[in-house]
Amino acid sequence: MVFLLKPLFLSAAFFLFLLHLIKAEHEAELGLNATSATARKLASGCNIFRGKWVYDASYPLYDFSKCPFIDDEFNCQKYKRPDQTYLKYRWQPFSCNLQRFNGVKFLERWRGKKIMFVGDSLSLNMWQSLSCMIHSWVPNAKTAVVRGEVISQVTFLDYGVQLLLYRTPYLVDLERQNVGRVLKLDSIRNGDAWLGMDMLIFNTWHWWTHTKSSQPWNYMEEGGKLYKDMNRLIAYYKGLTTWARWVNRNVDPSKTKVFFQGISPVHYEGKDWNEPRKSCSSETQPFFGIKYPAGTPLSAIVVNKVLSRIKKPVYLLDITLLSQYRKDAHPTYYSKHNGLDCSHWCLPGLPDTWNELLYTALFS
């Protein structure tokens, strides 16, 4: 095995790589990249991911105290968050309406089926949200809950609907070897656990940016070569490309629907919304402009590029922009989380909208 210990950071090749991705993104926005553009739209032609947040007194969609599935790291009301306006916003697309979530209809449609979220703690966020949304419609239905380090499951027994979560922060393999923990950019050996599902919702990005003590790997590996480090966007592109190959080889679209959750933004730096002295800790309202000052994250451009090349149908839940607006929806200090959390989302809260978008995509 060859060791390449010099970190690969910014280079001329990397800038060309980014320019290529950005060009592809602009083409998608102009409608020139049919595959990427189609991934954002329903058959009706409405882009449900472009719109605005509006106040709706009928929200939230469930009561935190009546849902048994919420972890303390997301349970902002349990931890006495004093403001509640953040619970009252509904996503309104510009040219259509989202379908109102109906948990009974969802259970009937997916009776006897397996739905799996695959990814990191943002997948956990969305998985718990969907479990609560369904539970609020059938509060007396029998359920079975299994929580594991890698695989967790909520089953609505009366309907045979299994909501599973497979925790894997990178999608690609993270293995312990003689040299330490190795992130294998070109390997997915754990994908057998994802087979046989009727729906897969994938997500990854959150952990690709971690460094120093919060970085859980010592080396990256590709093609039998070890790298001490690599530009994280390039590594992400390589890892996502490996995932795309897995989908192409293993998914039968007639049996399994595949979604990609999209990039969930963070709000640690107020400069992203033109308030440089702030973070999410003091925010109680969404960003109400149309053009978010920080612009499209480069990670989202990487996702679009990979999805534009994938052969099997994958529906992009393009949650990035609408989530960028929600600087008010993080747990901040109102959770069991250690310190300021501007990465995850309160429940009830924003991930409920992600699931409304999923529901609209499924039932339109």
Side-chain angles (χ1 to χ4, degrees), residues 52-92 98 101 103 117 120-137 139 145 147 152 154 165 203 206 261 263-289 292 294 319-357:
K52 61 182 179 180
W53 289 99
V54 298
Y55 185 87
D56 189 328
S58 70
Y59 276 59
L61 298 178
Y62 53 90
D63 184 336
F64 81 95
S65 65
K66 296 179 180 178
C67 181
F69 311 120
I70 307 175
D71 283 352
D72 284 351
E73 62 182 308
F74 310 135
N75 206 336
C76 304
Q77 290 300 304
K78 175 181 176 180
Y79 283 84
K80 310 301 183 184
R81 177 166 171 168
D83 62 307
Q84 297 191 12
T85 307
Y86 74 94
L87 296 168
K88 300 293 185 180
Y89 287 105
R90 171 175 57 82
W91 179 247
Q92 178 60 59
L98 296 183
F101 185 86
F117 292 84
D120 55 31
S121 53
L122 279 311
S123 292
L124 172 67
N125 228 175
M126 190 173 176
W127 172 69
Q128 291 185 2
S129 164
L130 182 59
S131 300
C132 289
M133 290 168 70
I134 295 173
H135 180 267
S136 69
W137 280 82
V145 180
R147 296 298 297 266
S152 299
V154 173
L165 172 73
N203 154 67
H206 181 69
Q261 188 174 329
I263 299 298
S264 176
V266 299
H267 291 96
Y268 287 101
E269 300 186 46
K271 65 180 182 180
D272 289 347
W273 58 93
N274 284 342
E275 295 185 81
R277 294 187 178 182
K278 292 188 175 183
S279 71
C280 77
S281 64
S282 58
E283 297 300 316
T284 58
Q285 290 188 328
F287 175 84
F288 286 116
Y292 190 70
I319 61 171
T320 302
L321 181 61
L322 62 93
S323 301
Q324 284 179 316
Y325 295 160
R326 294 308 307 272
K327 55 189 172 65
D328 61 316
H330 296 284
T332 65
Y333 296 106
Y334 298 101
S335 75
K336 198 176 181 179
H337 190 276
N338 184 23
L340 177 63
D341 185 356
C342 298
S343 299
H344 303 98
W345 308 93
C346 296
L347 293 180
L350 176 66
D352 305 333
T353 296
W354 299 350
N355 282 310
E356 287 183 288
L357 294 163

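In this text, all values refer to a predicted model and were calculated from it rather than measured experimentally.
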Chemist: If we only count heavy atoms from C-beta on, is the Leu347 to Asp352 side-chain gap below 4.5 Å?
Modeler: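 Yes, close enough: below the 4.5 Å cut-off.
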Chemist: Please identify each residue that fulfils side-chain contact (heavy atoms from CB on, under 4.5 Å) with Thr85, with sequence neighbours left out.
Modeler: Tyr55, Tyr89
Chemist: If the plane angle is over 60° it's perpendicular, under 30° parallel, otherwise tilted; pick one for His344 and His337.
Modeler: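 Aromatic pair His344/His337 classed tilted.
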Chemist: Please determine, by modelled atom types, if His267 and His330 share a side-chain donor-acceptor pair under 3.5 angstrom.
Modeler: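 Present: a donor and an acceptor within the cut-off.
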Chemist: How many angstroms lie between atom CG of Asp56 and atom CZ of Arg90, to the nearest 0.5 angstrom?
Modeler: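 Rounded to the nearest 0.5 Å, the CG-CZ separation comes out at 4.5 Å.
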Chemist: Do Thr353 and Trp345 touch side chain to side chain, with heavy atoms closer than 4.5 Å?
Modeler: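 Sidechains of Trp345 and Thr353: no contact.
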Chemist: According to salt bridge (charged side-chain N to carboxylate O under 4.0 Å, His left out), who are the partners of Asp272, at least two apart in sequence or on a separate chain?
Modeler: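 By the salt bridge (charged side-chain N to carboxylate O under 4.0 Å, His left out) rule, Asp272 matches no residue at all.
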Chemist: Scan the side chains in residues 130-137 for donor-acceptor partners under 3.5 Å anywhere in the protein, sequence neighbours excluded, and list what turns up.
Modeler:
unit_1	atom_1	unit_2	atom_2	d
Ser131	OG	Trp127	O	2.9
Ser136	OG	Met133	O	2.7

Chemist: With heavy-atom distances below 4.5 Å as the criterion, would you say the side chains of Leu124 and Phe117 are in contact?
Modeler: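 Result no, sub-4.5 Å side-chain heavy-atom pair not found.
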Chemist: Applying side-chain contact (heavy atoms from CB on, under 4.5 Å), run through Leu87 and Gln77 and close with a yes or a no.
Modeler: CA-CA 10 Å; Leu87 296 168; Gln77 290 300 304; 3.9 Å; yes
Chemist: List in chain and number order the residues that pass salt bridge (charged side-chain N to carboxylate O under 4.0 Å, His left out) with Lys52, two or more places apart in sequence or in another chain; answer none if no residue qualifies.
Modeler: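 With sequence neighbours excluded, Lys52 shows a salt bridge (charged side-chain N to carboxylate O under 4.0 Å, His left out) to no residue whatsoever.
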Chemist: Checking ring pair (Phe, Tyr, Trp, His ring centres under 6.0 Å) between Trp53 and each of Phe288, Tyr86, Tyr59, Trp91, which is the one that passes?
Modeler: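 Going through the options one by one, the only one that passes is Trp91.
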Chemist: With a 4.5 Å heavy-atom cut-off, do Asp83 and Asp328 have their side chains touching?
Modeler: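 When only atoms from C-beta onward are counted, Asp328 and Asp83 do not touch, as no gap falls below 4.5 Å.
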Chemist: Can you confirm whether the side chains of His206 and Ser264 place a donor and an acceptor under 3.5 Å from each other?
Modeler: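 Note: His206 and Ser264 side chains miss the donor-acceptor criterion.
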Chemist: At what distance, to the nearest 0.5 angstrom, does CG of Asp341 lie from OG of Ser335?
Modeler: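 Result: 5.5 Å between the selected atoms.
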Chemist: Rounded to the nearest 0.5 Å, what separation is found between the SG atom of Cys346 and the CZ atom of Phe74?
Modeler: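 It is 10.0 Å, given to the nearest 0.5 Å.
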Chemist: Using the side-chain contact (heavy atoms from CB on, under 4.5 Å) rule, take Trp354 and Ser323 through it: C-alpha gap first, then chi angles, then the decisive distance, then the call.
Modeler: CA-CA 9 Å; Trp354 299 350; Ser323 301; 3.1 Å; yes
Chemist: Which residues satisfy the salt bridge (charged side-chain N to carboxylate O under 4.0 Å, His left out) test with Lys271, sequence neighbours excluded?
Modeler: Glu269
Chemist: Just verifying a value: how many Å separate Met126 CE and Leu350 CG, rounded to the nearest 0.5 Å?
Modeler: 10.0 Å
Chemist: With sequence neighbours excluded, tell me which residues meet salt bridge (charged side-chain N to carboxylate O under 4.0 Å, His left out) with Asp63.
Modeler: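 Scan of Asp63 (salt bridge (charged side-chain N to carboxylate O under 4.0 Å, His left out), adjacent residues dropped) gives none.
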